[in-house]
Amino acid sequence: MLLDNKVAIITGAGSGFGKATSLLFSKEGAKIVAVDYNLDAVQSTVDEINESGKKAIAVKADVSDPDQVKNFVKVAVDTYGQIDILFNNAGVYVPGNIEQTDISDWKKAIDVNFNSVFYGVKFAMPYLKKTKGSIISTASAGGIIGFPDAVSYGATKGGIISLTRAIAVDYAKEGVRANAICPGTGKTGMTEELLKDPKIKEGFLAPISMKRLGEPSDVANAALFLASDLSSYITGHALPVDGGWTMS
Ligand code: ADP
């Protein structure tokens with residue numbers, strides 16, 4: 001197994017990419033600290049893992065609150081004694097160009113999508129240094145290209161890519177790696193409502209070279225590669241998982 005005896009914190013583990021990654025990492029031998037502010041959702045992820053005889057715990061936390069982030073890092077260490085993998089994945093989609101985005105929505109996107117990554121890495125770093133761990137953060141194709149009509153989403157995701165590179169170069173000597181995944185449009189809770197409208201779905205599909213939307217498993221498989229020793233010489237990378245969208 002690729003993650004035998006590793007301990008992984010995964011945020012946004014109640015749905016979409018985070019849920020798929022929690023299930024896959026546990027199949028590969030990792031103990032999972034599954035974090036989400038939706039306790040019912042994250043508990044169901046954890047129940048599914050524990051039913052198969054693997055180990056996981058659920059923690060309710062809002063990743064935009066530094067005290068709650070500090071707490072789930074502590075819970076991980078208290079429960080499993082170490083942290084090998086930190087997957088900063090929880091996020092929100094905030095639509096709107098700059099005129100349509102009010103200041104409170106802008107600040108919310110920065111808090112949930114971007115500041116949360118800073119908090120997670122800051123509090124987990126002392127433990128990641130001990131294990132020569134791997135940090136993975138969910139950015140977006142929207143953080144690479146000029147993303148239309150979602151200025152705060154695109155900006156926060158671009159910020160994650162820069163933050164990832166800075167962490168990667170600062171901690172490479174210590175053996176800690178940091179990479180970002182840049183999903184295109186995926187079939188997750190974030191897009192569920194929008195995809196019911198065939199016109200919107202068509203619009204999402206149009207720029208994707210492979211002409212299919214992403215599955216949660218597409219991101220989970222990329223995260224597994226970045227979490228495992230298979231990627232031991234890769235750090236500071238922003239990996240598009242987007243069916244060729246950003247390459248077209
Ligand atoms: P995606 O997988 O595309 O990111 P989803 O909406 O399916 O989209 O999953 C996002 C997950 O992140 C949800 O389970 C949601 O409850 C969680 N989440 C969103 N905001 C926060 C937050 N501030 N703190 C913790 N979890 C959050």
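For ligands, and for the atoms within them, numbers begin at 1 and follow the listed sequence. For the single chain, residues carry numbers from 1 onward in sequence order.
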* Asked: Where is the nearest protein heavy atom to atom 23 (N) of ligand 1: which residue, which atom, and how far?
  -> D62 OD1, 2.9 Å
* Asked: How far apart are the closest heavy atoms of T164 and H237, and which atoms are they?
  -> CG2-O, 4.4 Å
* Asked: Are any of the heavy atoms in P183 under 4.0 Å away from ligand 1?
  -> no
* Asked: Below 3.5 angstrom, do we get any N/O pair linking D36 and ligand 1?
  -> yes
* Structure fact -> shortest atom 2 (O) of ligand 1-to-protein heavy-atom contact is with F17 N, 2.9 Å
* Between G189 and ligand 1, does any nitrogen or oxygen pair lie at a separation below 3.5 Å? -> yes
* Structure fact -> For A76 and V33 the tightest heavy-atom approach is CB-CG2, 3.7 Å
* **For atom 7 (O) of ligand 1, the protein heavy atom that lies nearest, with its residue and separation** => S15 OG, 2.4 Å
* Quick one: does Y37 get an N or O within less than 3.5 Å of an N or O on ligand 1? -> yes
* Structure fact -> ligand 1 atoms nearer than 4.0 angstrom to some heavy atom of G16 are 2 (O), 7 (O)
* Judging by distance only, is a nitrogen or oxygen of V63 under 3.5 angstrom from one on ligand 1? -> yes
* **OH/Y127: more than 12 non-hydrogen atoms of other groups inside 6.0 Å** => no
* Measure the distance from atom 25 (C) of ligand 1 to every protein heavy atom, then report the residue, atom name and distance (to 0.1 Å) of the closest one. => A61 O, 3.1 Å
* Structure fact -> Looking only at non-hydrogen atoms, the one of M190, E192, K60, K187 nearest atom 6 (O) of ligand 1 is M190
* Structure fact -> Nearest non-hydrogen protein atom to atom 10 (C) of ligand 1, with distance, is G91 O, 4.3 Å
* Close N or O approach (N38, ligand 1; < 3.5 Å) -> no
* Asked: Looking only at protein heavy atoms, which one is nearest to atom 1 (P) of ligand 1, and how far off is it?
  -> T188 OG1, 3.5 Å
* Residue G12 vicinity, atoms of ligand 1 by number, heavy atom under 4.0 Å -> 11 (C), 12 (O), 17 (C)
* With a cut-off of 6.0 Å (strictly less than), are more than 12 heavy atoms of other residues, nucleotides or ligands near NZ of K54? -> yes
